[in-house]
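Let me begin by presenting the structure, written as structure tokens, before commenting on it.
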Amino acid sequence: MHYLRAVIKETRRLHPPIPLLIPREASQDVKINGYDIAVGTMVMINAWAIGRDPTTWDQPKEYRPERFLNSSVDFRGNDFQLIPFGAGRRGCPGISFAMAANELVLANGDDQCLGNYKRPGHMGLA
């Protein structure tokens, strides 16, 4: 089950459900990485770019679920290098359901998921 969760995290890192998170409005003047953001400015977070940031991820374009096996990084909004569902009090309210559904479907996947499903008693087309 640990590897399955690592696969889900790696997939969400490379392919977030919403690449550009819901826009936010700055509630105060702030300076981030040398940029002045004035109060009232609409700010859009690019989760897609964060998941591919080479300063955060080793070989960011490669699909390697193993990077999460011994890592405490999680997608619930506490680790800002992985925020496919947003973060803070305005993060996705359905994150628990989405992850439970993902784990359930993937853990119970068999030939049906791979396209090899045959109905009982069905002998095929030939």
Side-chain angles (χ1 to χ4, degrees):
M1 203 60 169
H2 293 293
Y3 193 77
L4 176 64
R5 288 192 179 121
V7 166
I8 293 171
K9 286 180 184 180
E10 182 70 351
T11 302
R12 293 289 176 237
R13 179 185 73 81
L14 287 172
H15 306 287
I18 302 175
L20 292 174
L21 300 179
I22 297 170
R24 305 283 185 233
E25 185 176 320
S27 59
Q28 60 187 14
D29 291 334
V30 66
K31 189 171 196 157
I32 299 176
N33 290 337
Y35 293 96
D36 292 319
I37 300 173
V39 65
T41 302
M42 284 299 236
V43 179
M44 296 185 73
I45 307 298
N46 190 341
W48 185 90
I50 291 171
R52 289 170 169 76
D53 184 4
T55 61
T56 303
W57 303 102
D58 182 40
Q59 299 173 340
K61 293 181 181 179
E62 289 188 23
Y63 182 82
R64 295 186 339 182
E66 297 81 17
R67 74 176 83 230
F68 290 105
L69 288 178
N70 295 318
S71 173
S72 63
V73 174
D74 200 17
F75 46 75
R76 300 200 181 271
N78 296 324
D79 301 299
F80 293 111
Q81 65 264 38
L82 183 65
I83 54 168
F85 296 102
R89 63 186 176 139
R90 293 200 175 104
C92 178
I95 188 171
S96 297
F97 174 74
M99 295 320 301
N102 282 329
E103 289 178 13
L104 180 69
V105 168
L106 292 173
N108 290 311
D110 56 2
D111 286 343
Q112 290 179 11
C113 295
L114 301 175
N116 297 326
Y117 178 71
K118 292 182 183 167
R119 291 176 297 195
H122 181 67
M123 299 304 291
L125 297 175

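In this chain, residues are counted from 1 in sequence order. Any value given below was found using the heavy atoms of this structure, including those in side chains, with hydrogens, waters and symmetry copies removed.
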Do [X] and [Y] have side chains that get closer than 4.5 Å, going by heavy atoms?
X	Y	result
W48	L20	no
V7	F68	no
E25	V43	no
P84	L82	yes
M42	R24	no

Is [X] linked to [Y] within one hydrophobic cluster, defined over Ile, Leu, Val, Met, Phe, Trp and Tyr using a side-chain heavy-atom separation of less than 4.5 Å?
X	Y	answer
Y3	L106	no
I45	Y35	no
M99	V73	yes

Find the distance between [atom1] ([X]) and [atom2] ([Y]) and round it off to the nearest 0.5 Å.
X	Y	atom1	atom2	value
T41	Q28	OG1	CD	12.0 Å
E103	N108	CD	CG	11.0 Å
N102	F97	CG	CZ	9.5 Å

R52 side chain vs K61 backbone, donor-acceptor pair below 3.5 Å: no
Closer than 3.5 angstrom, by distance alone: can the side chain of D36 be matched with the main-chain N or O of K31 as a donor-acceptor pair? no
Output all residues satisfying side-chain hydrogen bond (donor to acceptor under 3.5 Å, both in side chains) with E62, sequence neighbours left out; order by chain, then residue number. none
Answer yes or no: are there more than 12 heavy-atom neighbours, outside I22 itself, under 6.0 Å from its atom CD1? no
Could you tell me which non-hydrogen atom of [X] sits nearest to which non-hydrogen atom of [Y], and how far apart they are?
X	Y	value
I37	A26	CG2-CB, 4.0 Å
P60	P54	CG-CA, 3.9 Å
M44	L21	CE-O, 4.5 Å

Looking only at the aromatic ring of each residue, does the gap between the centers of W57 and Y63 stay below 6.0 angstrom? no
Applying salt bridge (charged side-chain N to carboxylate O under 4.0 Å, His left out) as the test, list every pair that has at least one member in residues 10-22; sequence neighbours left out. E10-R13, E10-R67
